[in-house]
Structure formats: C-alpha cells, structure tokens
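What follows is a single structure, written as structure tokens, with notes after it.
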Amino acid sequence: GPTGQHLELGISEMNLFLLLGALGLAHEHHGEALLPIGTVYDPFVCRGLDALVYALYNGARFVVVGTPSGVSLSAEGGAHQSTVTASLGMELPGLTLAEPAYATALDWLLCDGLARLGAADGSSLYLRLSTRPVDQGPFERLRAARGDEALRADVLAGAYLLVDRSAAMVGAPVVQLVTCGATVPEVLVASALLADEGVAANVIELTSADRVYRSWRDGLRAAVQSARRTDVGGHLATLVAPADRHAPIVTVHDAASHSLAWLGSVFGARVVPVGVDEFGQSGSLAQLHRAFGLDAPSIVSAALVALG
C-alpha cells in the first residue's frame, strides 16, 4: 500500500486473485487506493483464472507478476511450463500484458503500470517474467545511443528496435526477427549469424505485445467507423521503415507460437512463428530450446525459410 507495507501469504492461486481483486477495489470500498502486487508461478495463472476474470470484471486494479515463464522451469518437466498465459494476458479486458527482457525496461513498465492503476482509463498489469539471467549490455548500449526519453517512450508503447541492420546493409534481403522476454539472447545471436550470411536481420523486442496489438487494432477500428481506407500500422509503423514493411517476419516467443503470429497481418508480410506448441520435456534449457526451435541455429533456419 501507500505506506510500503509488504504482505506474504502462502495461499492458493484462486485465493491470491480473490485477494488482489479485493485490494484492487479499495478505492471504491474505503476511499483510498492501494497498489497491490502479487507474484505467482506463471504456469499456475490458469489455476486462478476464474478469480482473475472475476476481479477484472469488477474493475479491480492490481499488478500480477507471473514468473518463471515458458520453459524456464525446464528441469521440472512439462507440467511446470506455461504456454497459453501470454494469450490470456493479451485477451483479457482490463489487463495489460508486458514481457520485457531487460531490467530497465521492467522498471519503466512497472512504474507506468502502478501509475495506471489509479488512472481513469487505466488497467491492471500482468508482467510475464523469467528468472533466466540475461546480459543487459545490448539494452544499455541502445539506451546510451538513443537517450532515456525516446527509448522509454517506445518501451511503454510496447516495442522498440533493438538491432537495425537494414539501414547499414543496403540492398541486402531483410527479415524482421520479433521477440520478447527470455528468448531475446538467442534472437540476437541469430541476427549476427544472418548478417554474416548477408541477410539484414533486424531485431524488434516487444515489451508489450498487448499494447502493440491494441495500437494497430484501434487504428483499424477508427478507420472502420469513419469508413475510410487507411494503412494504419499503429506503433509498429514507427519502427519499421516503409521499404521494409513487406519483409518476412520470424516471431520467437517462449509461449504458444500463435501468440505473435498476428504480426504478419499488420503489413501483410509472410510470417514463420516459432514457439512452444507442445508440453515440454524435462531437461536443460538449451535442450528444450533446441527441441522447440528456440535456439539460434533454428531461428536462422526459420529466417531463411521466411525469405523463401
């Protein structure tokens, strides 16, 4: 709450979301808004789904952190690996999904999310995170080059261009590698490998696929209501140069592959979606990445297939 009180309870997922729902309505019941934050194993979000939907339906405002996500729990077998939670976060009304890879982006998203809890047009925030260590260098170098203000605006809008190769490799075939969260390191390696093969593989990190989708959808909705043709691409249009908008896309997500496959509809580009579409086996993270095509060599192959 506002005094920084911290409550730790060993409770079920259903009760956790019931509690977050109650705390998230404190402004209506007691005239004082709270900042409720709950953490849960990401695979177990589904166990409390009824209570989560009920809380959102009633307009409760809270932050839920699901971690570890995806195949981060590979040593514990498939039962402890989340695949559909990313889609739930995107599709539930009143809830904004965010899945950043870097600590500074998480800081910006969390502060913004807490501010939105009390906003008239705000919403709850679902942070899908991982305990996997990730090198912070790529983000910090980009931050130094672009400055906090511009990069933070992109992060909060839902996506930013992490690697821009098409500008430097003029005339080379272009492919867009779009990813988020814990799979960013593999995508960065794949981008470098493709560059060695003469392919300009840009890397776009979606800090919130939810916000990117909504910005595109809202533009289309406005066009439908005004009955005027438009080429609205939402926030994605600010990241992808017009000459590159029909370049093929490879989406890489530690979740069901369909969760990002819609990106091809924004500009009418070919998409090869990569994700976790089966229950995982027990093993090392590297083994599971190879099994699901989330490792760098597999991403390179997916890009070459996308290029035809």
side-chain contact (heavy atoms from CB on, under 4.5 Å) evaluation trace for Val252 with Ile299: CA-CA 8 Å; Val252 184; Ile299 296 168; 4.0 Å; yes
Worked check of side chain to side chain donor-acceptor pair (under 3.5 Å) between Thr179 and Glu205: CA-CA 5 Å; Thr179 186; Glu205 194 210 341; over 6 Å; no
Residue pair Asp154, Arg146: steps toward the salt bridge (Lys or Arg N to Asp or Glu O under 4.0 Å) verdict: CA-CA 11 Å; Asp154 277 351; Arg146 293 195 59 195; 2.9 Å; yes
From CA spacing to verdict: side-chain contact (heavy atoms from CB on, under 4.5 Å), Leu117, Leu35: CA-CA 7 Å; Leu117 296 187; Leu35 302 175; 4.0 Å; yes
Residues Arg165, Glu197; criterion salt bridge (Lys or Arg N to Asp or Glu O under 4.0 Å); working and verdict: CA-CA 13 Å; Arg165 296 198 188 276; Glu197 297 296 326; over 6 Å; no
Check against side-chain contact (heavy atoms from CB on, under 4.5 Å), Tyr41 and Arg47: CA-CA 10 Å; Tyr41 252 12; Arg47 294 186 181 183; over 6 Å; no
Derivation and outcome, salt bridge (Lys or Arg N to Asp or Glu O under 4.0 Å), residues Asp254 and Arg128: CA-CA 11 Å; Asp254 194 350; Arg128 190 173 187 264; 5.5 Å; no
Candidate pair Phe267 and Asp244, rule side-chain contact (heavy atoms from CB on, under 4.5 Å), full reasoning: CA-CA 10 Å; Phe267 299 123; Asp244 293 340; over 6 Å; no
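Cluster membership check: Tyr126 shares its hydrophobic cluster with Val212, using side-chain heavy-atom separations under 4.5 Å among Ile, Leu, Val, Met, Phe, Trp and Tyr. A continuous path of ILVMFWY side-chain contacts below 4.5 Å connects Val300 to Val189, so both sit in one hydrophobic cluster. Leu88 is not connected to Tyr54 by any chain of hydrophobic side-chain contacts under 4.5 Å among Ile, Leu, Val, Met, Phe, Trp and Tyr, and they are in different clusters. Both Leu307 and Val187 are assigned to one and the same hydrophobic cluster, defined by single-linkage of ILVMFWY side chains at heavy-atom distances under 4.5 Å. Placement of Val274 and Leu206 in two distinct hydrophobic clusters is found when ILVMFWY residues are connected by side-chain heavy-atom separations under 4.5 Å, directly or transitively.
Counting only distance, with no hydrogens or angles, the side chain of Thr238 and the backbone of Gly234 share no donor-acceptor pair below 3.5 Å. Looking only at distances, no side-chain donor or acceptor of Asn58 sits under 3.5 Å from a matching main-chain atom of Ala60. A donor-acceptor contact shorter than 3.5 Å is absent between the side chain of Glu28 and the backbone of Leu25. When atom types are taken as modelled, the side chain of Ser130 and the backbone of Ala182 share no donor-acceptor pair closer than 3.5 angstrom. Checking side-chain atoms of Thr39 against main-chain N and O of Val65 turns up no donor-acceptor pair under 3.5 Å. At least one donor-acceptor pair closer than 3.5 Å links the side chain of Ser69 to the backbone N or O of Leu129.
Under the side-chain contact (heavy atoms from CB on, under 4.5 Å) test applied with Ile37, the options Leu114, Leu23, Leu20 reduce to a single match, Leu114. Screening Val250, Ile204, Ile249, Thr251 for a side-chain contact (heavy atoms from CB on, under 4.5 Å) involving Leu177 leaves a single residue, Val250. Remark: of the listed residues Leu52, Leu16, Val84, Leu52 is the sole one forming a side-chain contact (heavy atoms from CB on, under 4.5 Å) with Val45.
A 4.5 Å side-chain heavy-atom check between Val163 and Asn202 finds every atom pair outside the cut-off. Inter-residue side-chain proximity for Leu34 and Phe62 is flagged as unmet; no heavy-atom pair is nearer than 4.5 Å. By the 4.5 Å heavy-atom criterion applied to side chains, Arg211 and Leu156 are counted as neighbours. The shortest side-chain heavy-atom distance between Ser124 and Val64 does not fall under the 4.5 Å cut-off. Using a 4.5 Å heavy-atom cutoff, the side chains of Leu127 and Val63 are in contact. Within the 4.5 Å cutoff, no side-chain heavy atoms of Arg116 are placed close to those of Leu125. Contact check for Phe139 versus Leu151: side-chain heavy atoms found under the 4.5 Å cut-off. Side chains of Thr83 and Asp277 form no contact here, defined as non-hydrogen atoms less than 4.5 Å apart.
Of all non-hydrogen atoms in Ala101 and Val184, the two that sit nearest each other are CB-CG2, 3.6 Å. Nearest heavy-atom pair, Leu188 versus Pro138, reported as atom, atom and distance to 0.1 Å: CD1-CG, 3.8 Å. For the pair Gly94 and Ser123, the tightest heavy-atom approach, listed with the atom from each and the gap, is O-CB, 3.5 Å. Listed here is the closest heavy atom pair of Ala105 and Pro100: CB-CB, 4.1 Å. The minimum heavy-atom distance linking Arg214 with Leu95 is given by the pair NH2-O, 2.7 Å. Looking at every heavy atom in both residues, Trp262 comes nearest to Ser259 through NE1-O, 3.0 Å.
Between Trp216 and Tyr213, the ring planes are perpendicular. Angles over 60° get that label, and only those under 30° would be called parallel.
In this structure, CD in Glu13 is found 13.0 Å from CG in Asp50, a value given to the nearest 0.5 Å. Note that CD of Gln287 is 8.5 Å distant from OG of Ser282, once rounded to the nearest 0.5 Å. In this structure, OG on Ser226 lies 13.0 Å from CZ on Arg221, to the nearest 0.5 angstrom. Here the CG-CG distance, from Asp164 to Leu161, works out to 4.5 Å after rounding to the nearest 0.5 Å. In this structure, the separation between CG on Leu263 and CD on Gln176 is 10.5 Å, given to the nearest 0.5 Å.
Atom CD of Gln136 has more than 12 neighbouring heavy atoms from other residues, nucleotides or ligands inside a 6.0 Å radius. Within a 6.0 Å sphere centred on CZ of Phe44, heavy atoms belonging to other residues, nucleotides or ligands number more than 12.
Thr131 and Ser72 share no side-chain donor-acceptor pair at under 3.5 Å. For the residue pair Asp42 / Thr85, a side-chain donor-acceptor distance below 3.5 Å is found, with atom types taken as modelled. Side chains of Ser298 and Asp295: a donor-acceptor N/O pair is present below 3.5 angstrom, by distance only. With hydrogens and angles left out, the side-chain atoms of Asp210 and Thr96 include no donor and acceptor closer than 3.5 Å. A donor and an acceptor atom, one from each side chain of Glu99 and Thr207, are nowhere located under 3.5 Å apart. Remark: the His253 side chain and the Thr183 side chain contain no N/O donor-acceptor pair separated by less than 3.5 Å.
Taking the ring centroids of Tyr160 and Tyr102, they lie at or beyond the 6.0 Å cut-off.
Looking at Asp112 and Arg152, no side-chain N of the basic residue comes within less than 4.0 Å of a carboxylate O on the acidic one, giving no salt bridge.
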